Amino acid sequence: MSVRVRFAPSPTGYLHVGGARTALFNWLFARHHGGSFILRIEDTDRTRYVPDSLEDIMEGLKWLGLEWDEGPGVGGPYGPYFQSQRLELYQKYAHILVERGWAYKCFCSPERLERLREEQRRKKQPPSYDRYCRFLPDEEKKALEAEGRNYVIRLKVPLEGKTSFHDLIHGEITVNNVNIEDLILLKSDGYPTYHLANVVDDHFMKITHVMRADEWIPSTPKHILLYKGFGWEPPQFAHLPVILSPTGKGKMSKRKTVGPDGRIYPVLVREFKEAGYLPEAMFNFLALVGWSYDDRTEIMTKEQLVERFSLERVKSSPASFSYDKLEWMNGYYIRQLNPDDLANRLVPFLQRAGLQADFSKIRPIVPLIQERIKTLSDAVALVDFFFQEAISYEPEALVGDNMTPRESLEALRRAYERLVALPSFEEKAIEESLRALAADMGLKAGQLFGIIRTAVTGKKVAPPLFGSMAILGKDRTLARMEKALKLLEKLAA
RNA sequence: GGCGCAUUCGUCUAAGGGUUAGGACACGGGCCUUUCAAGCCCGUAGUAGGGGUUCGAGUCCCCUAUGCGCCA
């Protein structure tokens, strides 16, 4: 039997890294086994619906390269893939369960349930339904139904015994049935709860492996009971470790975007994209959250990950999300890009920052910055001076290390004269000329170049100087130096 | 509160009962160097605590602690 797995998000929020990792593991598992990856939308909670979220989820998956074989947009033989379009199915099967004696109608009013909860709270008991309607005589039930009273359908959980299942990651998990309450399967408005819809869909969509986050472990025994009630073979379960925020406190998905240090920490896939992370780096990084290949291999292509992925090597303990490591890996992936590719990816980031950038202008700059950026957005602060007509900086920054303003002025003036006289404004020629000048003047290279760097780029930290000057061109370089000379004259006066 | 899951360097992880407990990120130092990076070399640092089982425990069992999650 071929492997069929699904990612089943609710359109109640944008795609976050936790969801993305779950989707990724499902996708890897499917591809590894030559099976199918299905996208199913669990949109039965109308109150929490977030309008853009469906699009965001699909875009996020596509950005990461997790294309689905069945689901929205592509269809498939087991649709529809929106739960809101399958309501009759859930209703039908809820009632089948009632007929089979595995579930019952519950007519308890919200008021009675509230009183019950109140009382349990007072007695410090765990709140749970007291199964009042489960033991209601048939005639009474019929009467209530004839009256037209609203009802929900609840699962008739065995009053004793244990329910257990084998988890592919955690091993045997067992709970006592007394700890499971008679959960609602079908609400009074005819909408299913998560549990019912999930089990019915997984069955009819022929899902073979359910891979989802750890937090669903406590629900799984309920699902097992449902499968039993229906007489269906349950799928295999694999509960993935949760992703914790970098502090290790709390789930990553609940983390706030702005950290205590004021920095922006993305949590949504779209935020990572906007921050300039590469999808291939995210893919590689996310694969390593809770899974590893061996004791040393970390950089892996998509193909290698598909080839190597296995559930046996998924950890059972939670992992906290390391922005440091992601940044490093993203930088690594950026360095591996071919320069044309990188230039293309940089364009939108520079344009969004207000720079008049296009491929032809950026391409020559790429070799100067490729190994200096960790995210695509890092490039902005490094290259803005290429695109601005006027650059600004503190005049004091023009003074060389261990030099006076007067000495700095002299050095810059002589540098200017040499550059004016240069027949070719090539990187190599510029460097040779200025190195010779430093030697002539008895200056350290860093002293002279530091002055020029500020004059030309307006920065203390910038891409390699001579290459930058060559790209900037003779006219613009000299104009900036003239401006700097004036500033230095004032300082030296 | 009840139930569940988890615990190896700061972080991510490796170690089919027997290794000087390995690698990566981060951090520190050095080399290279026009700044910053990148690259290379070196280093700091870990089996939560306590009991067992065993010739031998990071690895198996129990307890405690702590963290996380689920149910309201």
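The analysis underlying the following values was restricted to heavy atoms, covering all of them including side chains, and did not include hydrogens, waters or symmetry mates. Note on naming: letters A, B, ... go to the chains in the order of the sequence lines (proteins, then strands), and numbering restarts at 1 for each one. Please read all numbers here as calculations on a predicted model, not as lab measurements.
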When we call it a touch if two heavy atoms are under 4.0 Å apart, what does [X] touch: a base, just sugar-phosphate, or nothing?
X        : result
A:Gly290 : sugar-phosphate
A:Ile217 : sugar-phosphate
A:Glu215 : sugar-phosphate
A:Arg335 : sugar-phosphate
A:Ala445 : sugar-phosphate
A:His170 : sugar-phosphate
A:Pro241 : nothing

Do A:Arg308 and A:Tyr293 form a cation-pi contact, if we require the NZ or CZ to be under 6.0 Å from the six-membered ring centre and within 45 degrees of the ring's axis? yes

Does NZ or CZ of A:Arg112 come closer than 6.0 Å to the centre of the six-membered ring of A:Tyr132, within 45° of the ring's axis? yes

Strictly below 4.0 Å: does A:Ser320 bring a side-chain N or O up to OP1 or OP2 of B:C12? yes

Closer than 4.0 Å, any side-chain N/O of A:Lys374 to the OP1 or OP2 of B:A38? yes

Should A:Glu298 and A:Lys325 count as an ion pair when the cut-off is N to O under 4.0 Å? yes

Between A:Lys156 and A:Asp182, does the salt bridge (charged side-chain N to carboxylate O under 4.0 Å, His left out) criterion hold? Intermediate values first, please. CA-CA 6 Å; A:Lys156 210 182 266 185; A:Asp182 284 359; over 6 Å; no

